[in-house]
Amino acid sequence: MKHPIYLDYMATTPVDPSVAEVMWRYLTPTGEFGNPASITHVYGWRAKEAVETAREQVAGLIHAEPNEIIWTSGATESNNLAIKGVTEFFQEKGKHVITCITEHKAVLDPCRYLEKKGYEVTYLPVNSRGLINLEQLQQAIRSDTVLISIMHVNNEIGVIQDIVKVGAIAKQHGILFHVDAAQSVGKIAVDVQQIPVDLMSLASHKVYGPKGIGALYVRRKPRARLTPQIHGGGHELGLRSGTLATHQIAGMGAAFALAQSLMPTESIRLAHLRDLLWQQLAELPSVTINGSLQHCIPGMLNIHVHKTDGESLITALQPTLAISSGSACTSAEVEPSYVLTALGLTGEEAKNSLRICVGRYTTEKDIMTAATCLKEKIQWLRGMSPLW
Ligand SMILES: *Cc1c(COP(=O)(O)O)cnc(C)c1O
C-alpha cells in the first residue's frame, strides 16, 4: 500500500536520517555503548562525552547553560517533574497553582492530581484566538500561589502565548514560572536569556529526534528549586535518577543542533507551504481558521469545515492524507477537542475541524495533492449532506 502524505507533524515527527545515524553509534558492541556513569574505563568516558555534547547542543538551541539541562523520558515527564517538584518543594509556602485550560494533558493531569492532594488550581480561559488574558492572570495571583505553568505553543492550534509577559508578571510576584515548550523549541526562536522562565519542558520527537527522551531546563541564576520525583542513584544533579539513555540523548542533541541550523530557512519554507494550502482551501465557502494565523507558528493550520462531518471527512481522506481531526478518542467515545471548545466552538464544530501540519519532508507537490484532495472530498461530502 502506498503511504498517505503525512501532515500530522504536531503529533510526532520522523527521526531525521542524519540523527538516526548518530544514534546508531551508541548501541552495538563496536559502538560507544558504555554507561555514562562508569568512571573507571574508557567505555564510560566516551558515553559521558556523548551525553555532555548533546547537553551543549540542547542548551544551545534555547541559549541556556549545559548544566541547566536535566534529561528526562520526554516532555510528559518534564512537566510532571516541574509541576510536582516545585509544588512539593514549596508546600509550606502555599498550595495554589495557575495554568490554562488549553494546556496539554501532560500539564492538566498533574494539576488534577495536585487538586486531589488538596491543592487549588486556577485554569485561565482563552479568547477566540486561543490566547490568555494577562489581566486575568494578574487577578488570579494570590499570596499562596507557588507556580504558574503556561505553554508556549499550543499543540492543536499552533498559537503562541506571550511567555515573556507572563514571566514578567510571575517575577513581579516572586512566583516560579514553568513553560511547556514541546511545540515551540526548534520551530521558533526560544531564548531563556530573554524569557523570565524558571523551568521549561522540551521534547525530542517533535523536533525530528527519537521518542522517549526529553529534557527539563532548570534555571541556575536565580536557582529554581524543586523536589525530585524519581529516586535511585542521584543522576542529573539528583533531580532525575536512572541510567542515561546515551543513544536517545545523542539523538536529541543532534536533532536540536540540526533544528538550530535549519530554522532560518525552514520556518520560511513551512510558512510558505501552509499559506499555499490555506490559499486553496479558502476558495471553498464556509471554511474558517481556528485560532489565529497571526499568532501561529509556521507550518500549522487548524480549520473548521462548517456543516461537514469531520469523521466522514477524515475517513474519505485517509488513503491520501494522514491528518488529525478536532476530536480525541477517549476510553469509550469520540470527544470533541477541549482546546477547540475553549475557543468557543460547539462540540459539533470542533468535531468538524481538521489539524493540518506540514514539516521537514513536506514538498510543494504534496501540498498541491493535499489541496486538491481536501477540496474534492469536502465538496463531495457537502453534495450529499441535507445540512448543506
Ligand atoms: C507532545 C507534547 C507533550 C508530550 O511530550 P512527550 O515527549 O511525548 O511526553 C507535552 N506537551 C506538548 C505541548 C506536546 O505537544
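Counting convention: from 1, in listed order, for ligands and their atoms alike.
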Look only at interatomic distance and state if Lys206 has a nitrogen or oxygen under 3.5 Å from any nitrogen or oxygen of ligand 1.
-> yes

Sub-3.5 Å N/O-N/O distance, Glu77 and ligand 1 = no

Atoms in ligand 1 with a heavy atom of His205 nearer than 4.0 Å = 6 (P), 7 (O), 8 (O)

Does Ala75 reach ligand 1 with a nitrogen or oxygen that is under 3.5 Å from one of the ligand's nitrogen or oxygen atoms?
-> yes

Under 4.0 Å from one or more heavy atoms of Asn155, ligand 1 contributes atoms 13 (C), 15 (O)

So is Asp180 polar-close to ligand 1, meaning N/O to N/O under 3.5 Å?
-> yes

Counting only heavy atoms not in Lys93, do more than 12 fall under 6.0 Å of its NZ?
-> yes

With side chains defined as the heavy atoms from C-beta onward, is the minimum distance between Ile132 and Ile150 less than 4.5 Å?
-> yes

Glu115 atom CD, neighbour heavy-atom count above 12 within 6.0 Å | yes

Can you sort out which atoms of ligand 1 are near Met151, meaning under 4.0 Å from one of its heavy atoms?
-> 13 (C)

Compute both the distance and the angle, then confirm whether Arg112 meets the cation-pi test with Tyr123: under 6.0 Å from the six-membered ring centre, within 45 degrees of the axis.
-> yes

Would you verify whether the NZ or CZ of Arg360 falls within 45 degrees of the ring axis of Tyr208 while also being under 6.0 Å from that six-membered ring's centre?
-> yes

Cation over ring, Lys105 on Tyr338, under 6.0 Å and within 45°?
-> yes

Any nitrogen or oxygen of Gln183, main chain or side chain, under 3.5 Å from a nitrogen or oxygen of ligand 1?
-> yes

For Ala203, take its heavy atoms, then give the atoms of ligand 1 lying under 4.0 Å from any of them.
-> 7 (O)

Please identify which atoms of ligand 1 are closer than 4.0 Å to at least one heavy atom of Gly74.
-> 7 (O), 9 (O)

Glu266 side chain near Met263 side chain, heavy-atom distance below 4.5 Å = no

For the ring pair Tyr43 and Phe33, is the centre-to-centre distance below 6.0 Å?
-> yes

Nearest protein heavy-atom contact for atom 4 (C) of ligand 1: which residue, which atom, what distance?
-> Thr76 OG1, 3.5 Å

